[in-house]
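Below: one structure, written as structure tokens.
If you read the sequence from its start, that first residue is 1, and numbering goes on from there. Model, not experiment: these values are computed from the prediction.
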Amino acid sequence: MATLLAQETTPASNLDYLIAEAQRELGILLSAKQVEGVKKAFTHLISIITGGPGTGKTTVQKVLLYINKKLGGKNVLLTAPTGRASRRMAESTGHSEAVTMHSAMGLTNDEDCDAMSDMLEADFIIADEYTMADMRLSYEFFAHIPLGTRLVLVGDVNQLPSVGPGNVFRELVQCGVIPVTILDMVFRQAENSRIAVNAHRMQENNAMLDYGTGFELMEVSTAEEAAAVIERIYREEVARLGVDKVQVLTPFRKRGDASVDSLNARLWNIVNPAAPDKPEIKAGKHTFRTGDRIIHNKNKNEVSNGDVGYLDTIFLDEEGTQLAKLVFSEGRTVDYTADELDMVEHAYATTVHKSQGSEYPVVILPWLPMFYKMLRRNILYTAVTRAKEKVVIIGSKRTIYQAIHNTESDNRNTRLGERIIKEYHRLLADRKIAV
């Protein structure tokens, strides 16, 4: 990263004219902060754009792509740490293709530490949802960026850090030697603006949230009560929108009635009950049946960690082995043996951590006293900002207040920021001596 930062570059010319043209052609009006982000991206080879929901990160990306094309850029790489995030990036920017960082570098799975030796063939790279990138993935990524390539990292610094080691995005934002633009104006003005406005209040340590249409609180005190309310609301919302549009998020995987495992077991039999015409396949402690909504939990060839899909059919191959055909977005189909289904679980409920990089029209979130270890601002913020139209919190105002005022996070023993500063200044000093 220090080597990339220390490159000498010539700022793009006619930026003001190109920004005005982009706004005209795309039919948008940029804020001063958004203009700042665009200018930094074309003045420096490395820059960062961070902001919460509704602050216009996607709009800036559209302008960046427009101006890059006008400047003659040809090899554009849009990438993100997960398959869901990369596909959402392609949809939101209108760009035809975006890929995971793993696939861009030839990292076929989480255990494979050998990326391709070739550098990335791109003169302009935008990496979205960078909060999710850990130390190892970032190391490979930065090592594969050729000199002269323009790189823009995009993310929300207030979200949870990566599941893997490190706190890379926050360290990069805070180190002080990388140009950073902080988008802090909320643009969404529809009913769902309560989500963006309340997310902004959380970051200001303001627990006086605005409840109403699009941001609801259902008061309960126990996990058992919460599970019953979640079941009722889930039924209503799925009947209204369909199972793809409704997601239950929870901080705990295994503990209590409001955990991922318990809620998945409960919701599974509501959404996809057993029937004589629905074959089933057993995989360890889990049972799956045709029609199940599933989530894949590891990188495996064409399937990425976090990809959500459906179990389409269960059948026997020529040797009599039972297989399950899983269908993922864009029509990708993969056959799994019972052993390989260990990489899969039901996806009616999932953890807040697992939801990063995703968006859902409706999010249902249990937020209970029993989650005391997880009642932290960044977890609540991440969960709430996954919702596009409506979030329903099942819990109490007291637990919400507790989370908003609790800014503790997992201690990450990383000195990445200060190491980048030290190496960057060493490279600049060497350059002066050489001159």
Subject >> Under 3.5 Å: donor-acceptor pair, side chain of Arg232, backbone of Ala228 >> reply: no
Original post:
What is the ring orientation for Tyr234 with Tyr348, classed by angle as parallel under 30°, tilted 30 to 60°, or perpendicular over 60°?
Top reply: perpendicular
Original post:
Ignoring hydrogens and geometry, is there a side-chain-to-backbone donor-acceptor pair from Glu389 to Pro361 under 3.5 Å?
Top reply: no
Original post:
Counting distance only, does the side-chain N/O of Thr399 pair as donor-acceptor with the main-chain N or O of Leu368 below 3.5 Å?
Top reply: no
Original post:
If we ignore angles and hydrogens, is there a donor and acceptor under 3.5 Å between the side chains of Arg289 and Asn269?
Top reply: yes
**OP:** May I ask you to decide if Thr59's main-chain N or O and Gln34's side chain share a donor-acceptor pair within less than 3.5 Å?
**Re:** no
Original post:
In Å, rounded to the nearest 0.5 Å, how long is the span from CG of Leu416 to CD of Gln174?
Top reply: 11.5 Å
**OP:** Could you tell me whether the side chain of Ile178 reaches within less than 4.5 Å of the side chain of Leu5, counting heavy atoms only?
**Re:** yes
Original post:
Around Leu26, counting heavy atoms of other residues, nucleotides and ligands shown, do more than 12 lie under 6.0 Å from its CG?
Top reply: yes
Original post:
Is there a donor-acceptor pair closer than 3.5 Å between any side-chain N or O of Thr321 and the backbone N or O of Asp317?
Top reply: no
**OP:** Using a 4.5 Å cut-off on heavy atoms from C-beta on, say whether the side chain of Glu129 contacts that of Gln159.
**Re:** yes
Subject >> Arg84 side chain to Val308 backbone, donor-acceptor under 3.5 Å >> reply: no
Subject >> Phe288 and Leu326, any side-chain heavy atoms less than 4.5 Å apart >> reply: no
Subject >> Candidates Arg88, Arg87, Lys245 - the one meeting salt bridge (charged side-chain N to carboxylate O under 4.0 Å, His left out) with Glu359 >> reply: Arg88
Subject >> Val177 to Pro179 - nearest heavy-atom pair and separation >> reply: O-CD, 3.9 Å
Original post:
Is the shortest distance from a Lys or Arg side-chain nitrogen in Lys390 or Glu216 to a carboxylate oxygen in the other one below 4.0 Å?
Top reply: yes
Subject >> Distance in Å, Asp342 CG paired with Asn297 CG, rounded so as to fall on 0.5 Å steps >> reply: 10.5 Å
**OP:** Run the salt-bridge test on Lys354 and Glu345 with the 4.0 Å N-O cut-off and return the result as yes or no.
**Re:** no
**OP:** Report yes if some heavy atom in the side chain of Phe42 is under 4.5 Å from a heavy atom in the side chain of Arg150; otherwise report no.
**Re:** yes
Subject >> Polar side-chain atom of Asn406 near backbone of Leu375 as donor-acceptor pair, under 3.5 Å >> reply: yes
**OP:** Name all residues meeting the ring-ring contact (aromatic ring centres under 6.0 Å, His included) criterion together with Phe169; count only those two or more places apart in sequence or in a different chain, and write none if there are none.
**Re:** none
Original post:
Does Phe328 reach the side chain of Ile294, with side-chain heavy atoms less than 4.5 Å apart?
Top reply: yes
**OP:** Could you pull out all residues at least two apart from Asp312 that satisfy side chain to side chain donor-acceptor pair (under 3.5 Å)?
**Re:** none
**OP:** Taking the side chain as every heavy atom from C-beta outward, state whether Leu64 and Val38 have any atom pair closer than 4.5 Å.
**Re:** yes
**OP:** Walk me through it: do Glu204 and Arg201 pass the test salt bridge (Lys or Arg N to Asp or Glu O under 4.0 Å)?
**Re:** CA-CA 5 Å; Glu204 293 180 327; Arg201 289 182 183 179; over 6 Å; no
Original post:
Hey, does the side chain of Thr50 reach the backbone of Val157 with a donor-acceptor pair shorter than 3.5 angstrom?
Top reply: yes
Original post:
What closest approach, in Å, do Thr350 and Val260 show between heavy atoms, and which atom pair accounts for it?
Top reply: C-CG2, 3.5 Å
Subject >> Check: Arg170 and Arg412 side chains under 4.5 Å, non-hydrogen atoms >> reply: no
Original post:
Taking the side chain from Thr149 and the backbone from Ala122, do they hold a donor-acceptor pair closer than 3.5 Å?
Top reply: yes
Subject >> Asn264 (side chain) donor-acceptor with His346 (main chain) under 3.5 angstrom >> reply: yes
Original post:
Are Asp244 and Tyr310 linked by a side-chain donor-acceptor pair shorter than 3.5 Å?
Top reply: yes
Original post:
Does atom OH of Tyr139 have more than 12 heavy-atom neighbours from other groups under 6.0 Å away?
Top reply: no
Original post:
Met1 versus Ile46: any side-chain heavy-atom pair under 4.5 Å?
Top reply: yes
**OP:** Count the heavy atoms belonging to other residues, nucleotides or ligands that lie under 6.0 Å from NZ of Lys278, then report whether that count exceeds 12.
**Re:** yes
